[in-house]
Amino acid sequence: MPDGDGRRLRLAHLYADVMNVYGDRGNAIALRYRCEARGIGLDIDGVGIGAAFDPAAYDLLIIGGGEDREQRRIADDLAARGPAIRAAIEGGLPALAVCGGFQLFGERYVDSERGVLQGIGVFRLETRHPGEGAERAIGNVLLQTELGEVVGFENHGGRTWLADGQEPFGTVIAGRGNNGRDGSEGARAGNAIGTYLHGSLLPKNPAVADFLLGKALARRYGESATLEPLDDGLEEAARLAASAITRRGRGEGVGRRLRGLLRR
Ligand code: GLN
């Protein structure tokens with residue numbers, strides 16, 4: 001393993017035990033792997049409800065997805081930490097918030113029972129769930145982002161609407177994204193990324209993982225601290241396979257809809 005000059009980074013994994021659907025924990029594992037392959041240590045602290053937590057002491061922050069029930073469990077605790085998290089992100093802290101976590105990093109989430117969960121406002125957006133009977137956005141997703149083409153899997157009932165001027169994470173090539181209407185997916189603010197994409201996201205989108213790690217390293221060790229490239233043959237093969245399946249699925253989806261129309 002290459003010598004990382006004793007460099008170490010600290011990752012806070014918010015509510016790791018509660019917010020972890022569709023393998024979101026894999027994001028922490030991918031970050032650790034990509035650090036260790038470069039000789040950089042990564043300390044991962046799970047931050048549970050009520051635990052002491054100072055975001056300013058960390059180099060990276062992640063939160064995974066969870067259904068409404070889990071979101072209700074963490075919402076008050078997260079809201080209390082909101083100002084400190086927002087300040088850290090405004091100061092450049094790289095962060096990744098997925099699905100249920102992404103929704104609560106917005107301004108508010110109106111859940112499937114019309115309950116209002118206050119978000120922490122890292123992203124200027126609002127999410128509304130149309131109710132339990134409404135169709136969910138489920139399936140493979142392909143995005144165009146500033147970090148290249150990104151693949152993942154979405155499964156959400158909530159529809160997210162970005163405020164004017166709020167930058168999305170990407171634009172939808174295939175899938176539903178934020179609301180199935182405006183072609184936006186996720187959100188970006190500083191070095192924070194919010195997205196609906198599970199998968200896990202980072203193992204098969206190494207450019208996104210390295211964006212977060214590169215920002216973390218530069219913030220801790222100065223702009224000259226760069227990430228050395230890794231052999232991403234396997235990761236890229238996985239990303240390309242997922243991209244091909246998603247593109248094919250999109251074609252089949254259109255075909256199915258057309259056949260359905262013709263039968264009427
Ligand atoms: N409960 C949210 C929704 O259905 C988020 C789901 C998730 O995190 N997978 O919209």
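None of these values were measured; they are calculated from a predicted model. In each ligand, atom 1 is the first atom listed, and ligand 1 is the first ligand listed. Values reported hereafter were calculated over all heavy atoms of this structure, with side chains retained and with hydrogens, waters and symmetry mates removed.
Salt bridge annotation for R34-D232: present, with a cationic side-chain nitrogen under 4.0 angstrom from a carboxylate oxygen.
In this structure, R10 forms a cation-pi arrangement with Y58, its terminal cationic atom sitting closer than 6.0 Å to the ring centre and no more than 45° off the ring axis.
Under the 3.5 Å distance criterion, the side-chain polar atoms of Q144 are left unmatched by any main-chain donor or acceptor of T171. In this structure, N191 contributes its side chain and G92 its backbone to a donor-acceptor pair below 3.5 Å. A distance-only check finds a donor-acceptor pair linking the side chain of N27 to the backbone of L201 [under 3.5 Å]. Between the side chain of S200 and the main chain of L202, no donor-acceptor pair closer than 3.5 Å is present.
For the pair E70 and ligand 1, no heavy-atom separation below 4.0 Å is found. By the 4.0 Å heavy-atom criterion, F102 is excluded from the residues contacting ligand 1. Contact between M19 and ligand 1 is absent, with no heavy atom of the residue lying under 4.0 Å from the ligand.
Of all the atoms in ligand 1, the ones that sit under 4.0 Å from a non-hydrogen atom of G100 are 5 (C), 7 (C), 8 (O). Each of the atoms 3 (C), 4 (O), 10 (O) of ligand 1 lies under 4.0 Å from some heavy atom of G157. Applying the 4.0 Å criterion to heavy atoms of H198 picks out, from ligand 1, the atoms 9 (N). Atom numbering of ligand 1 starts at 1 in the shown order; those under 4.0 Å from a heavy atom of Y109 are 1 (N), 2 (C), 3 (C), 10 (O).
Between F153 and Y22, the ring-plane angle classifies as perpendicular under the 30° and 60° cut-offs.
Of the N or O atoms in C99, none lie within a sub-3.5 Å distance of an N or O in ligand 1. Any N or O atom pair closer than 3.5 Å counts here, and Q71 shares at least one such pair with ligand 1. Considering both main-chain and side-chain atoms, R136 comes within under 3.5 Å of ligand 1 through a nitrogen or oxygen pair.
Closest heavy-atom contact between L142 and S243: CD1-OG, 3.8 Å.
Contacts with ligand 1 closer than 4.0 Å are made by backbone heavy atoms (N, CA, C, O) of N155 only, the side chain lying farther away.
Counting protein heavy atoms only, atom 1 (N) of ligand 1 is closest to D68 OD1, 2.5 Å. For atom 2 (C) of ligand 1, the closest non-hydrogen atom of the protein is Q103 OE1, 3.3 Å.
Atom CG of D68 and atom NE2 of H129 lie 5.5 Å apart (nearest 0.5 Å).
By heavy-atom distance, the residue among G158, G66, G65 lying nearest atom 5 (C) of ligand 1 is G66.
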